[in-house]
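Here is the structure we will look at, set down as structure tokens.
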2 protein chains.
Amino acid sequence: MTAEAVPARSGDTKDRILDSAEKLFADAGFDGTSLRAITSHAGANLAAVHYHFGSKEALLQAVLARRLAPINRRRIELLDRLEQDAGPGAPSMTQVIGAFLEPPLSEIRRLGPSGEQFVRLAGRAHSEPNPQVRAVFLPLFQDVVTRFVAAFRRARPEMGDGELHWKFHFLVGAMSHLLSWGGHQECAVMLNSDAPAVADPDEMLRAMVAFCTAGMSAPTPEGGRAGR
Amino acid sequence: MTAEAVPARSGDTKDRILDSAEKLFADAGFDGTSLRAITSHAGANLAAVHYHFGSKEALLQAVLARRLAPINRRRIELLDRLEQDAGPGAPSMTQVIGAFLEPPLSEIRRLGPSGEQFVRLAGRAHSEPNPQVRAVFLPLFQDVVTRFVAAFRRARPEMGDGELHWKFHFLVGAMSHLLSWGGHQECAVMLNSDAPAVADPDEMLRAMVAFCTAGMSAPTPEGGRAGR
DNA sequence: GTCTATATGCGGATAGAC
DNA sequence: GTCTATCCGCATATAGAC
């Protein structure tokens with residue numbers, strides 16, 4: 001508050017480290033990003049990471065929790081509201097999927113470049129094999145999984161457990177891949193689609209909701225004898 | 001040919017290294033797997049990797065090409081056949097998706113545990129940020145992308161370029177996530193589905209074809225003004 | 001809170017004996 | 001073709017001055 005005549009910027013070193021870690025983890029993954037790369041990108045000292053966070057894993061924890069916790073809180077709020085509004089019935093498949101997919105995508109708009117970075121990181125987190133990353137990420141995701149799996153089941157009670165299990169995989173896979181690579185140049189080149197110079201979050205959301213709603217709602221045929 | 005009285009097994013050191021690298025890359029990713037871990041798992045010497053392959057990146061190239069090239073060849077053969085059979089028309093969406101998804105999944109059956117490993121690795125390759133991995137993987141995938149994007153366009157000519165672009169992302173994301181994590185214990189725990197103790201490739205294929213066909217075929221609504 | 005300097009270990013890669 | 005021994009750089013983490 002009161003101008004303290006601080007010799008340099010203070011306190012925000014921590015935030016600059018968080019921002020740089022977010023970007024570099026998103027670009028190169030956890031194993032592919034050194035603390036040296038992060039601190040030099042942030043204009044901070046290597047030792048500052050350990051002073052403020054304690055370890056590389058704890059830094060990741062802070063980076064993920066900062067933005068993922070609000071996103072997941074919002075997912076659950078939206079689902080709560082849908083279930084209240086549905087009264088005795090259950091929210092529709094489209095509504096539930098919208099509540100799952102809208103919060104991460106609207107962060108791209110709300111946060112600008114940092115949101116775009118984070119969303120890449122969040123997408124990547126879903127496919128990270130590193131056990132440290134999984135130990136940090138999965139607990140942040142568990143409640144959402146539990147609530148939404150239950151909501152999907154109620155939206156289509158005729159689905160079996162196995163079918164629901166696989167379909168949830170597809171939903172998460174489609175989302176995480178889009179978040180990781182949706183804005184990536186290389187993919188546009190591969191698809192030689194000159195279309196999305198910059199990816200419009202609203203367009204991505206509409207496309208993803210449509211795709212996943214149809215997929216989740218489609219019955220899986222029984223396997224009498226599936227030739228191949 | 002003629003029994004040469006070889007002191008130890010010869011030649012198959014190379015294969016044992018390939019097998020071990022396949023498994024460890026699949027489990028821990030490229031950056032997360034050291035050459036020392038690979039050679040000690042393979043019962044080989046560290047220097048053998050450089051003798052037989054030249055570098056870690058070249059080893060990955062060999063591991064991927066060994067199994068991915070046949071899979072992608074088969075994808076294109078299946079698509080060729082579908083397009084011949086369709087005569088003047090175009091193969092249906094289900095058929096095209098089947099041709100895309102069936103080859104990797106049937107390798108699980110055909111190769112047993114090694115197939116299960118490789119399929120995890122192939123799934124993971126889709127989300128790897130490491131530029132060395134991408135430099136090796138993307139060229140192996142490019143032809144398939146080109147051919148199948150064209151086939152999807154012909155199956156639904158009314159789809160715009162942008163819509164097709166995103167939908168292809170969802171398709172690849174659903175597939176790669178399933179391949180990476182479909183057999184993983186942690187996911188079953190999170191979903192607390194006691195269902196798939198062992199994942200049945202046929203069941204996964206049916207579920208994925210149903211999901212993706214519905215998703216690819218569903219029209220994406222126009223965005224008049226998508227508030228949220 | 002921020003810095004320099006350093007401890008300590010693992011990474012990929014290579015030389016050269018056998 | 002396979003081994004041992006080693007080069008050399010980068011990784012995380014910490015001690016201690018300022």
Side-chain angles (χ1 to χ4, degrees), chain A residues 1-21 24-25 27-64 128-133 135-136, chain B residues 1-22 24-25 27-64 128-136:
Chain A
M1 289 292 191
T2 61
E4 266 285 356
V6 182
R9 74 281 147 179
S10 167
D12 64 351
T13 291
K14 196 171 173 177
D15 288 323
R16 291 205 319 284
I17 290 173
L18 282 173
D19 290 339
S20 295
L24 297 176
F25 285 154
D27 286 344
F30 184 74
D31 289 335
T33 304
S34 68
L35 293 181
R36 283 173 165 83
I38 292 169
T39 51
S40 96
H41 183 273
N45 189 280
L46 174 61
V49 170
H50 293 96
Y51 176 79
H52 286 290
F53 301 97
S55 72
K56 188 183 182 184
E57 181 174 354
L59 170 60
L60 175 71
Q61 159 74 38
V63 169
L64 282 181
E128 268 279 357
N130 182 307
Q132 290 182 295
V133 177
V136 168
Chain B
M1 290 293 190
T2 61
E4 265 284 355
V6 181
R9 75 279 146 179
S10 167
D12 64 350
T13 290
K14 195 170 172 177
D15 287 322
R16 290 204 322 282
I17 290 174
L18 282 173
D19 290 338
S20 295
E22 180 176 276
L24 297 177
F25 285 154
D27 285 344
F30 184 75
D31 289 335
T33 304
S34 69
L35 292 181
R36 284 173 167 84
I38 292 169
T39 50
S40 98
H41 183 274
N45 189 279
L46 174 60
V49 170
H50 294 96
Y51 176 79
H52 286 290
F53 301 96
S55 71
K56 188 182 182 185
E57 181 175 352
L59 170 60
L60 175 71
Q61 158 75 37
V63 169
L64 282 180
E128 268 279 357
N130 182 307
Q132 290 182 297
V133 177
R134 297 188 70 70
V136 168

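Just so we're on the same page: letters track the sequence lines, and every chain starts at 1. Computed from a predicted model, the values in this text were never measured in an experiment.
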Exercise. To the nearest angstrom, how far is Ile38(A) atom CD1 from dA13(D) atom P?
Worked result: 11 Å
For this session: Side-chain contact test, heavy atoms from C-beta onward, threshold under 4.5 Å: evaluate it for Phe53(B) versus Leu18(B) and give yes or no.
Result: yes
Problem set entry | Whole angstrom value for the distance that separates P of dA13(D) from CG of Leu60(A) | 12 Å
Exercise. Which parts of nucleotides 12-18 of chain C does protein reach within less than 4.0 Å, heavy atoms only, written one letter per nucleotide 5' to 3' as B for base, S for sugar-phosphate only and - for none?
Worked result: BBB----
Exercise. dT2(C) P sits how many Å from Arg16(A) CZ, rounded?
Worked result: 8 Å
Exercise. Do you know the tightest heavy-atom contact between Phe30(A) and Glu128(A)?
Worked result: N-OE2, 3.3 Å
For this session: Check side-chain contact (heavy atoms from CB on, under 4.5 Å) between Asn45(B) and all other residues, then give those that pass, not counting sequence neighbours.
Result: Ala47(B)
For this session: For Phe53(A) and dT2(C), give me the distance from atom CZ to atom P, rounded to whole Å.
Result: 11 Å
Exercise. Which pair of heavy atoms, one from Lys56(A) and one from Thr33(A), lies closest together, and at what distance?
Worked result: NZ-O, 2.8 Å
Exercise. Could you state the NE2-P distance from His52(B) to dC3(D), rounded to the nearest angstrom?
Worked result: 9 Å
Exercise. Rounded to the nearest Å, what distance is computed from the CD1 atom of residue Ile17(A) to the C1' atom of nucleotide dC3(C)?
Worked result: 13 Å
Exercise. Between atom CG in Asn130(A) and atom P in dA11(D), what is the gap in whole Å?
Worked result: 16 Å
For this session: Check whether any side-chain N or O of Arg134(B) sits under 3.5 Å from a backbone N or O of Pro129(B) as a donor-acceptor pair, and report yes or no.
Result: no
Exercise. To the nearest Å, how far apart are Asn45(A) CG and dT14(D) P?
Worked result: 15 Å
For this session: Kindly say if Thr13(B) contacts the phosphate of dT2(D), meaning a side-chain N or O under 4.0 Å from OP1 or OP2.
Result: yes
Please output the side-chain donor-acceptor pairs of residues 34-41 of chain B that fall under 3.5 Å, not counting sequence neighbours, one pair per line with the distance.
residue: Ser34(B); atom: OG; partner: Ala37(B); partner atom: N; Å: 3.0
residue: Thr39(B); atom: OG1; partner: Leu35(B); partner atom: O; Å: 3.1
residue: Thr39(B); atom: OG1; partner: Arg36(B); partner atom: O; Å: 3.2
residue: His41(B); atom: ND1; partner: Ser20(B); partner atom: OG; Å: 2.8

